[in-house]
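Worksheet: the structure to be examined is printed underneath.
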Amino acid sequence: MTMKLTNFFFALLYSLLSVGSALAERNLPADLQIELLFPRNETYVPTQYFPIIFGINNLDAVWPLRLRIQILVQTAYSNPNITRPYWQYMDVGLQSGDLPADDEQAPGKHFFHFPTVNMTNGTTDSFNILWSATLPNRCFVNETDPYNPDSLDRSIGYGENWWKNAPGHSSRLVQFSTAQGAQRPDIEASVNSCPELDDETSAAIRITEVKSHIGDGAPCPVFEPLNSIKCVFQSSAKELAANVSTAILHDLGCEEGDWQTMTAPCPRKTNGGSLKSSSLGMRWTVLGLVVAASTVV
């Protein structure tokens, strides 16, 4: 049994972008919500490439903002006291550098990060997704110094000048498994189901103001905790599922088919119509119902 990340670290950024200026003004107050959309705590039939999908809601309203999402995928029964083989422990997180630069067009209302994990030979196992969202800068109401410990609200996150959706150095945990004969992965149905949310699957804050960090002038939000809202990504379910399918088929070297039933890549073509090498990354921009695909080295 082997599991590895795709050769070119297929961390795909799919964004529903708003039509507007490159430097959109913030629309505050705004509720920022981060949610693990897929997989759920369920059992799925094994596939060659299995997507881990996170959605960020209202990122456009608070942009620019420095945000990191750490995502670790590991087999549930790996021994933490030994050196893990490469396939047992994968970091597929979203870093600040994966988002547009501050002077680029703002992300859309719905922003999706969906790396894929390569599970070869029809892997069946149980897996842990360990994740956390971090705002590296944090400011406070009526305070210009984000390092002032007197202004710390310890009910949200940990640390005096930053925020994380889990206490200390811990992470949120979601488990899933794969088994022959189980249900096919269905991203559209999963998002449309609008399951109940909890601290393990979602995090939300209301940003009321964005100041400048005292050190480097970076965005430094003022915020308070919120309960996450169900169904905020439901309107994007169909397009998200279609773009994830396109991405995985590309990584498999396939021009068509259902990735949910594929347990091996398609044979490589040798004629002039062959697919491009999977050493390329991709980004999809969706404006209305028009999909534009581009590749970048």
Flag, side chain of [X] to backbone of [Y], donor-acceptor distance under 3.5 Å:
X	Y	answer
Gln33	Ser202	no
Asn58	Asp31	yes
Thr246	Ala242	yes

Is the shortest heavy-atom distance from the side chain of [X] to the side chain of [Y] under 4.5 Å?
X	Y	value
Phe111	Trp63	no
Ile69	His113	no
Gln175	Ser126	no
Pro185	Trp259	yes
Leu28	Thr208	no
Leu72	Ser171	no
Leu240	His110	no
Ile53	Val191	no

Which atoms form the tightest heavy-atom contact between [X] and [Y], and what is the distance?
X	Y	answer
Glu35	Leu197	OE2-CD2, 3.4 Å
Lys164	Thr134	CG-OG1, 3.9 Å
Phe112	Gly55	CD2-CA, 3.8 Å
Met262	Gly257	CE-CA, 3.7 Å
Ser170	Ser132	O-CB, 4.5 Å
Thr178	Phe127	OG1-CE1, 3.7 Å

Applying a strict under-4.5 Å side-chain criterion to I, L, V, M, F, W and Y, I'd like to know whether Val45 and Tyr49 cluster together.
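Different clusters.
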Is there a path of hydrophobic side-chain contacts, each under 4.5 Å between heavy atoms of I, L, V, M, F, W or Y residues, that connects Leu36 with Leu226?
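Per the 4.5 Å side-chain linkage, Leu36 and Leu226 are not co-clustered.
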With sequence neighbours excluded, residues passing side-chain hydrogen bond (donor to acceptor under 3.5 Å, both in side chains) with [X]:
X	answer
Arg40	Ser190
Asp198	Thr201
Thr261	none

Look at atom NZ of Lys230 and say whether more than 12 heavy atoms of other residues, nucleotides or ligands are closer to it than 6.0 Å.
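Yes, NZ of Lys230 has more than 12 neighbouring heavy atoms, counting only those of other groups under 6.0 Å.
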Around atom CG of Asn227, are there more than 12 heavy atoms of other residues, nucleotides or ligands at under 6.0 Å?
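Atom CG in Asn227 is not packed in, count stays at 12 or less.
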What salt bridge (charged side-chain N to carboxylate O under 4.0 Å, His left out) pairs are there with at least one residue in residues 48-59, not counting sequence neighbours?
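Sorted pair list comes back empty.
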In Å, rounded to the nearest 0.5 Å, how long is the span from [atom1] of [X] to [atom2] of [Y]?
X	Y	atom1	atom2	answer
Ile71	Leu94	CD1	CG	7.0 Å
Gln70	Arg172	CD	CZ	13.5 Å
Asp251	Cys266	CG	SG	11.0 Å
Glu200	Asn165	CD	CG	9.0 Å
Leu67	Ile34	CG	CD1	5.0 Å
Ile187	Ile248	CD1	CD1	6.0 Å

May I ask you to decide if the ring planes of Trp163 and Phe223 are parallel, tilted or perpendicular, using 30° and 60° as cut-offs?
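Perpendicular.
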Restricting to pairs with a member in residues 186-206, which pass ring-ring contact (aromatic ring centres under 6.0 Å, His included), not counting sequence neighbours?
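Sorted pair list comes back empty.
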What pairs with Trp131 under ring-ring contact (aromatic ring centres under 6.0 Å, His included), at least two apart in sequence or on another chain?
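Testing Trp131 for ring-ring contact (aromatic ring centres under 6.0 Å, His included), a comparison that skips the adjacent residues, returns Phe54.
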